[in-house]
Amino acid sequence: MTVLTAPRLTPPLAHHNDLLPVQQDIFNTCMDYADNARDTDAFIRAMTIAAKAIKVDLPTSGCIVMCACPDCYCDAIFDSAAPGLRRAEQSGPYNLPRYQCPACADEHPTPIED
């Protein structure tokens, strides 16, 4: 007999709305820089500062993202390599991936396939 259990969702690294205004500004600016970075070094520098702004170490994936759920105003910030993510955009001219966090992907997944 097979028993299925609900997957454990990886908790977010932070929530944008819980950050102080100065942390939000630094995080947002760094994420914009990372999104427009022309080389890996600039991307990693921006990601490192963004991670420090939310008081976490940059994950080994080298990339943190904020939930891009098109159905709600989720403010979860998470490791882009966290399990349970769902791609929220099929393509685009971005350096940053666009993902729904695991909770949004579970509650109201986008129609785009992983």
Side-chain angles (χ1 to χ4, degrees):
M1 178 177 181
T2 303
V3 176
L4 298 176
T5 59
R8 290 187 181 169
L9 298 179
T10 304
L13 299 172
H15 286 277
H16 194 267
N17 293 337
D18 292 343
L19 302 174
L20 297 173
V22 69
Q23 289 173 293
Q24 290 177 350
D25 289 344
I26 293 168
F27 177 81
N28 296 342
T29 299
C30 290
M31 296 304 281
D32 286 341
Y33 281 134
D35 205 21
N36 296 300
R38 298 208 184 266
D39 61 55
T40 303
D41 289 339
F43 181 85
I44 294 298
R45 279 194 303 273
M47 281 287 123
T48 301
I49 296 168
K52 294 295 181 198
I54 64 170
K55 299 186 184 225
V56 300
D57 290 327
L58 187 63
T60 56
S61 69
C63 183
I64 56 175
V65 291
M66 195 159 99
C67 185
C69 182
D71 293 331
C72 69
Y73 296 103
C74 181
D75 70 336
I77 300 168
F78 51 91
D79 179 352
S80 66
L85 304 182
R86 185 171 179 92
R87 192 173 58 218
E89 277 186 9
Q90 194 158 9
S91 63
Y94 307 107
N95 286 318
L96 291 177
R98 303 297 197 244
Y99 293 119
Q100 283 182 300
C101 70
C104 287
D106 187 47
E107 290 177 23
H108 43 261
T110 62
I112 298 171
E113 294 299 320
D114 290 308

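Fair warning: this is a prediction, and the values are worked out from it, not measured in the lab.
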K.L.:
Looking at Gln23 and Ile54, would you say the former's side chain and the latter's main chain have a donor-acceptor pair under 3.5 Å?
P.N.:
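No: the side chain of Gln23 does not pair with the backbone of Ile54.
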K.L.:
Check the surroundings of atom CG in Asp39: do more than 12 heavy atoms from other residues, nucleotides or ligands lie under 6.0 Å from it?
P.N.:
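Buried by this count: over 12 neighbours within 6.0 Å.
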K.L.:
Just how far is it from atom CZ of Arg86 to atom CG of Asp106, taken to the nearest 0.5 Å?
P.N.:
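Here the interatomic distance stands at 10.5 Å.
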K.L.:
With a 4.5 Å cut-off on side-chain heavy-atom distances among I, L, V, M, F, W and Y, is there a chain of contacts connecting Ile26 to Val56?
P.N.:
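No; tracing contacts between hydrophobic side chains, which count when under 4.5 Å, never links both residues.
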K.L.:
Looking at every non-hydrogen atom in both residues, tell me the closest pair between Leu96 and Asp35 and how far apart they are.
P.N.:
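Shortest heavy-atom contact: N-OD1, 3.2 Å.
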K.L.:
Within a strict 4.5 Å, meaning less than it, do heavy atoms of the Ser80 and Ile64 side chains meet?
P.N.:
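Result no, sub-4.5 Å side-chain heavy-atom pair not found.
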K.L.:
Hey, what do you get for CG (Asp25) to SG (Cys30), rounding to the nearest 0.5 Å?
P.N.:
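That separation rounds to 10.5 Å.
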K.L.:
Listed by chain and number, what are the salt bridge (charged side-chain N to carboxylate O under 4.0 Å, His left out) partners of Asp41, not counting sequence neighbours?
P.N.:
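Expected list: none.
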K.L.:
To the nearest 0.5 Å, what is the distance between SG on Cys63 and CE on Met31?
P.N.:
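Here the interatomic distance stands at 6.5 Å.
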K.L.:
Which heavy atom in Gly84 sits nearest to a heavy atom in Ala105, and how many Å separate them?
P.N.:
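So the two residues come closest at O-CB, 3.6 Å.
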K.L.:
Heavy atoms only: give me the nearest Ala81-Ser61 pair and the separation to one decimal.
P.N.:
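Residues Ala81 and Ser61, closest heavy atoms: CB-CB, 3.6 Å.
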K.L.:
Can you confirm whether Arg87 sits close enough to Gln100 that some side-chain heavy atom of one is under 4.5 Å from a side-chain heavy atom of the other?
P.N.:
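Counting from C-beta outward, Arg87 and Gln100 never come under 4.5 Å.
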K.L.:
To the nearest 0.5 Å, tell me how far Asp75 CG sits from Asp18 CG.
P.N.:
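Between Asp75 CG and Asp18 CG, I get 6.5 Å after rounding to 0.5 Å.
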K.L.:
What are the two closest heavy atoms between Gln24 and Leu19, and how far apart are they?
P.N.:
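So the two residues come closest at NE2-O, 3.5 Å.
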K.L.:
Any non-hydrogen side-chain atom of Pro59 less than 4.5 Å from a side-chain atom of Leu13?
P.N.:
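In contact.
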K.L.:
Report the distance from atom NE2 of His15 to atom CE of Met66, rounding to the nearest 0.5 Å.
P.N.:
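Atom-to-atom, His15:NE2 and Met66:CE are 11.0 Å apart.
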K.L.:
Side-chain contact test, heavy atoms from C-beta onward, threshold under 4.5 Å: evaluate it for Tyr33 versus Ile49 and give yes or no.
P.N.:
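Answer no - side chains too far apart.
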K.L.:
Kindly compute the distance separating SG (Cys72) from CD (Glu107), expressed to the nearest 0.5 Å.
P.N.:
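If I round to the nearest 0.5 Å, the distance is 7.5 Å.
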K.L.:
Taking the side chain as every heavy atom from C-beta outward, state whether Val65 and Phe78 have any atom pair closer than 4.5 Å.
P.N.:
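Touching, per the 4.5 Å side-chain cut-off.
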